[in-house]
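Note that these values count all heavy atoms, side chains included, but never hydrogens, waters or copies made by symmetry. Below, chain A is the first sequence line, B the second, and so on; all start at residue 1.
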Amino acid sequence: MVIKSIFAGFGGQGVLSMGYTLATAAMVDGKHVTYLPTYGAEVRGGTANCTVAIGNEEIASPVASEPEILVVLNQPSVLKFINKMSPGGTLFVNSSLVNKIPDREDIEVVKVPANELAIEINSPRSVNVIMLGALVAKKGLVSPESMRTAIEMFFEKKAKIIPINLEAFQKGYDFIKGEEPA
Amino acid sequence: MVIKSIFAGFGGQGVLSMGYTLATAAMVDGKHVTYLPTYGAEVRGGTANCTVAIGNEEIASPVASEPEILVVLNQPSVLKFINKMSPGGTLFVNSSLVNKIPDREDIEVVKVPANELAIEINSPRSVNVIMLGALVAKKGLVSPESMRTAIEMFFEKKAKIIPINLEAFQKGYDFIKGEEPA
Amino acid sequence: MADKVLMRGNNAMAEAAVRAGCRYYFGYPITPQNDVPEYLSGRMVEVGGTFIQAESEIASIYMVLGASAAGGRVMTSSSSPGISLKQEGMSFLAGHELPAVIANVVRGGPGLGNIAGSQSDYFQMTRGGGHGDYRMIVLAPGNVQEMADLTYLAFDLADKYRTQSIILADGMMGNTMEPVILPEMRELDSLPEKDYVVDGMRGKRPSRARLSLILEPKELEDHNWKLQRKYKLIQENEVRFEEYELEDAEMVIVAFGTAARIAKGAIRRARSEGLKVGMIRPITLWPFPSDVVRQLADRVKEFLVFELNAGQMIEDVKLSLEGTANVSFYGRPGGSIPTPRDLAKVIINRYSQKFRLI
Amino acid sequence: MADKVLMRGNNAMAEAAVRAGCRYYFGYPITPQNDVPEYLSGRMVEVGGTFIQAESEIASIYMVLGASAAGGRVMTSSSSPGISLKQEGMSFLAGHELPAVIANVVRGGPGLGNIAGSQSDYFQMTRGGGHGDYRMIVLAPGNVQEMADLTYLAFDLADKYRTQSIILADGMMGNTMEPVILPEMRELDSLPEKDYVVDGMRGKRPSRARLSLILEPKELEDHNWKLQRKYKLIQENEVRFEEYELEDAEMVIVAFGTAARIAKGAIRRARSEGLKVGMIRPITLWPFPSDVVRQLADRVKEFLVFELNAGQMIEDVKLSLEGTANVSFYGRPGGSIPTPRDLAKVIINRYSQKFRLI
Amino acid sequence: MKKVYTRPKYLKPVANHYCPGCGHSIVHRLVAEVFEEMDIGERAIGVAPAGCAVLAYNYFDVDFVEGAHGRGCAIATGLKRRVPDAVVFSYQGDGDLAAIGTAETIHAAARGENITIVFVNNGIYGMTGGQMAPTTILGMKATTAPFGREAKREGYNLDITHLVAEIEGTAYAARGLITSPKEIRKSKKLIADAFQCQLDNRGLSIVELVSPCPTNWGMQPLASVKWIEETFTKHYTPGVLVERRPVSG
Amino acid sequence: MKKVYTRPKYLKPVANHYCPGCGHSIVHRLVAEVFEEMDIGERAIGVAPAGCAVLAYNYFDVDFVEGAHGRGCAIATGLKRRVPDAVVFSYQGDGDLAAIGTAETIHAAARGENITIVFVNNGIYGMTGGQMAPTTILGMKATTAPFGREAKREGYNLDITHLVAEIEGTAYAARGLITSPKEIRKSKKLIADAFQCQLDNRGLSIVELVSPCPTNWGMQPLASVKWIEETFTKHYTPGVLVERRPVSG
Amino acid sequence: MSKKGKIEIDRDKCKSCGYCVEHCPQSILKISENYNDKGYFYAVQVGEECTGCSICAVVCPEAIIEVWRG
Amino acid sequence: MSKKGKIEIDRDKCKSCGYCVEHCPQSILKISENYNDKGYFYAVQVGEECTGCSICAVVCPEAIIEVWRG
Ligand SMILES: Cc1ncc(C[n+]2csc(CCOP(=O)(O)OP(=O)(O)O)c2C)c(N)n1
Ligand SMILES: Cc1ncc(C[n+]2csc(CCOP(=O)(O)OP(=O)(O)O)c2C)c(N)n1
Ligand code: SF4
Ligand code: SF4
Ligand code: SF4
Ligand code: SF4
């Protein structure tokens, strides 16, 4: 089985590093994984997105034409991608910035007030890692341990911000776990 | 039947115009004809040559790998081409400048003291046309009339030297005819 | 008779271009096609056209693109290395759907090679040496008369299909002189109107752009399929070939250009010795006369492909035949050109192996 | 696990080049391969190599020629339009018999096209888009791991045969990240000696020249036949391919690179519906695995060629099969990439037409 | 009240894809204003580069040919020879004009080709993501000069407009800045003068616009124009570099 | 008696294919003499052009790579980067260097590539039979400028060495004549200085040799050198155009 | 004799570069705290003292400022 | 104190350009009336006053003049 996720938001919101970190975690987990960022001319114009496919078999296409998971950090991205989602999929929205979600009955919507949560931990730039925490808590694509390893690998060269990012991950993770029936 | 001739000499001796004029005459005669000058890098180094093929059928190759006729104006060209000649062929040499002719029993050699003949008619630059006269007289590849037309066409833009060239042609022509049993 | 002139292949091509209405020539010297720019440098002044010796082959192909986008009948010419340099531009012309006539007077390769005649750019011309899926009409003249006639035709085809027409000649063909009857001079105002031309709006129409950048894959795919439909149309309508002594042939030579010319001489020799040999000469190398070749195989089982290279057109012959006949190859790369007699020997040899003649 | 790294195809290729002993890289930016020069601009400084961002693709291919003539393991990379510009230089490398590794991370064409992944430079790479009779080894990686492994191999093959090795990837392959195990770092002094190198006589040997100009046709012909013998040797020894689910297959997909990757997904889908479908994936596009394809036809009669273009490799499949099996084609030019599901539909459709499955 | 400024008519009423604060957008506007003021838009033909301005034809409302990277001057030459009364311009970036297109640029000047080059110098390859350009100045970082340009390693930056100005066929060469309102106004005048030169049949005209690429410089728009004024212009000083064969009358 | 002049050792003992009086032959000799005198022939690597000197490797007895038309500086760059202690030179004609090779020339200079360019300017395309070159002067006839070069029609001639001299990475640019014994001796000195510049690691060095092509000028050899001295040099004055970063000590 | 001016900004096309804000001599422009559909915090007019000098329009890369004076 | 000189010309490689003839300060060279195997009228020495100044060798394109002095 292969699960495909699309991450989308403004350039600068850390969309690409979300995908990259998740993919690293999947690799650490020993899973098959591909990560496909947008590149070249597509990058102009303010928005960014990337695709991660994780599975236990060879991944045929790194492209997600019908992603099971969509993680969006801003309003335009919801509108752009929601209709591509596969029925039964899960949409993670940063509800601090996204207020209009088109109707789709066949998907589950998980709202994470990521900006608020980020402010709570005094790390307004960690919105993306918080979303990742929520994603992992909800979908378990990778183990939380691998995710932590991946975060450490990602910030290898800026070691002093590792703790705050681990905290952000936990914040998002707990946000979901706390909401779920124990 | 197709007859192929090679003309060779120093650059500047009018070798290319010999071939061109003969080919024009053949065209005027309504024959099939090709004319192939050397070109490009081959031109460097002082010598020049060209090939004329005349026939009453489509000419397959404009190249003469075994020419029936060789017309040479200088010594190096004799040495370069004589061994390519087809058995039974005819070699025309400008005997004013060529004194060494390698032995070949299977060809006929026609010696024309072209420089001397040219001086006789006060036109030292007409050596090549004199050789043409001899060629036509001997081999009849084209009619003398067509050859005259060709000469007129060739010098169209320098009309005042047409007469002297016609005279040179006749000089070479008569040189052979005079030698031949009447 | 009066209207025959003795002309070099290169010059016949150049003059035919002018007569076909070509008024823009952009080129760069390279042997063995230098006569073309040399001839046109003077001739374009006479007819009020443009001749530019560009700074390179690349510049010249893009000058062609500009003049063609603005509606002109336009030409460039070069020889193998120079043609390689034009590959990007040729891909652009294809993508932009702009007509142009391009002559490749092939020389021996690869690399600097030599200046003798060769046919080793067959793949480059018929498969598109540039990037992307595109095709060009490739015309291969068999003598100086065809250098003129096919060039004349090339302009019409280029305009008709908004495509590139290639004249694929070689050093020998370009430099041989033969009597030729030149095509008539076309009046410029008799040339067909073009509705895609970029020459200023002039207050008469919305702005236009000629382009090949299509960022959306689906749209670029559509554009590609549109091009493919056009190529299909060309394949259906523009195949040209010559049949030579095929009626009773038991063995068929396939050859084009100078090779075909030599093959004719060889066939005459072979026939004089009683061999039933004929030839099919593709005049359009693309579109290749596949159907004719395939149909021939209904009655002839021996094909000999003769090329002045190491074996390129043979792929098209095999693709046409699909195993329905035997195909052998005789090739001479590097500017070597066999005599009709040499080739006749090869033919007789193969023929006798097959038909135990001798 | 420890030795796996998550890497982008382009970077995996670049790093593998360094590990294979490449110390000279000359390139020019073009999407979708910019990671290669970007990565190497820093990496070459680390390993004491040379990185030059040249003024153009043309300059870079000739810098490659220079560094190769002097004995270096050398690389350049580009994408379709840039590769078209290198055609003259590639013909020269072939004529000069100099090794080099060249990556073409293909984008949609023709012309400026787009930056999506495509396979429409197949002809250009396998037939030699440059002038003259020459061939190059063309390696088509199927995933990021192969981007590294085949690049590593490419340098050895290039040196072994004094030829160009092409890495034919595409925008998708170049930009996808996957876990990859990098090949080991080669010691430079473990690389094979070269006896043709032009690096100064140093009082030890007579002067040498590396060249491709051979004015005498007979000699250039000999040179060409020598090249052809080398190409034959490569064809005999270097064919590489992958067989996928072929044991019981009644229908065979032929696909390479990204298309093959998608085909695998499609085949899994088709098999899950009971269809006996397999795939042959050429890893070397030249030399093409003709024999394997031909032998397959002894038991399988249905071939479906799937390419991200309008139909190019299909010619090689047909040339291999020579009419011994049916061949159909599904293609997506212009950077469009179907999903495995889309392709599965096509497969099921064709399959059921043939075998009346549904 | 009277409308004193509105979007020029030769710009289509669409949003462009340029980054916030990008100089291309301003240069587009200036050229479109000049077309309107000089009344030459109806016979203008542009050549779009490969570069960030690759989609120029989507923004300019005049005829356009999309060019290959570096070949703008060659394409413009073909256009101008075919339509001599058109106003032909090639719009090019620094990579396009001064790297891959060097020969085409220099020789269009040598021919005295009667075309206008609008040259946007932002010292970087914008479109492809910030690689070093011929105009990248020493010390400046780029994705292919990760340690900053160093003469020994990456070579010197090139003042192509100066070279073009040295060539006899160049009738007009000038450099303007896209920074402050004042410099932008001056730049517009230079653009107008360049096109006037073409109208007067005087030969090649080139106007270089030193222009911000905030994205690839990694700066905010305002910081990027400041950097131009303080640092970048030291290598590229504005002004008219050359003016040849002034029209009589 | 003592031998005071003999054929230099880095010229092979063979006849060359150049026309009588051709400047290439003299330039070959001068370069070979310089190699011997500076003792650098054993580590010299040349790049032969497409041009009349295409067979240079048949005459020079040093290592050579035969180049493609115009790409001498790029090939020399590859060679030099691989063998930094070699003395690498590119031998080029005016078409090669200043037309098709313009970009390669300009950018080798911008990079300050530590190579030497031996540039033979004969104002014409020799090899291909007398077509116009970028250096063909106004009024001069060529097979592709049959009415004589006219600025309006064929454009201006280009002084590429001057352009190269304007570029910062150029350490040395000079022009000599191949005419009289005096000028030939001076030219030899310039050639030596150019190679010295490379030995000193100073960056690009170029020496232009203004040189007769009697064949394509349609002149006798003596007439052709006279024409250089009287007419051609008016456009190409000899001397050192630039010298940068002189070595200390 | 200062004249009254007026501007209109097409906020949907504003990219928040801040050039107009920086250069307005009257300092009556600022970047809003809301963003438009493209996600940019657009420029808005916050004072009434517009003279119609057009400087904002001269620097606006998007050519989305219209100016009136009179 | 003029020294005696001597030259030798490889006449088979001479191409008759005439440069040496033109520049010899002693005017002791001329073009012969015979031609060599390549067909060129080669240069010959016709006087004995050679100083070994080497000027002929400096201008000779073919590098076929050897000079002695002493
Ligand atoms: C032949 C070719 N080589 C490379 C490219 C890739 N490419 C597109 S734009 C560009 C450079 C852009 O930089 P510049 O010209 O400075 O313009 P900017 O984007 O900065 O405006 C490059 C290298 C291409 N499209 N074609
Ligand atoms: C790509 C390419 N284009 C054109 C040519 C043909 N060509 C060979 S040499 C030459 C020009 C020679 O002129 P120049 O460089 O001035 O040298 P010269 O012969 O005068 O010494 C040309 C155009 C070629 N070999 N390759
Ligand atoms: S990358 Fe730079 S040049 Fe390109 S649009 Fe953005 S700011 Fe402008
Ligand atoms: S053509 Fe000119 S340059 Fe070439 S060898 Fe002859 S004289 Fe020299
Ligand atoms: S100048 Fe234009 S784009 Fe920039 S902030 Fe002001 S209105 Fe917006
Ligand atoms: S060495 Fe001097 S004097 Fe002697 S022949 Fe030569 S030029 Fe004349």
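Here C:Glu178 contributes atom CD and B:His32 contributes atom NE2; the two are 9.5 Å apart, rounded to the nearest 0.5 Å. Rounded to the nearest 0.5 angstrom, B:Glu57 CD and C:Lys264 NZ are separated by 11.5 Å.
No other option in C:Ile262, C:Asn143, C:Asn34 has as many heavy-atom pairs under 4.5 Å with chain B as C:Ile262.
Environment of CZ in C:Arg341: sparse, with no more than 12 heavy atoms of neighbouring residues, nucleotides or ligands closer than 6.0 Å. Residue B:Arg125 qualifies as open at atom CZ: its count of foreign heavy atoms under 6.0 Å is 12 or below.
Not one N or O on the side chain of C:Arg8 forms a donor-acceptor pair closer than 3.5 Å with the backbone of B:Tyr35.
Nearest approach of B:Met27 to C:Val5, heavy atoms of both residues: SD-C, 3.6 Å. Minimum heavy-atom separation, C:Asn175 to B:Pro37: O-CD, 3.2 Å. Minimum interatomic distance between C:Arg261 and B:Thr34 (heavy atoms only, all atoms of both residues): NH2-CG2, 3.2 Å. Taking each heavy atom of B:Pro62 and C:Met172 in turn, the nearest pair found is CG-SD, 3.5 Å.
Heavy-atom distances place the side chain of C:Pro340, and not its backbone, under 4.5 Å from chain B. Heavy atoms closer than 4.5 Å to chain C are found in both the backbone and the side chain of B:Glu58. At a 4.5 Å heavy-atom cutoff, the contact between C:Thr339 and chain B is made by side-chain atoms alone.
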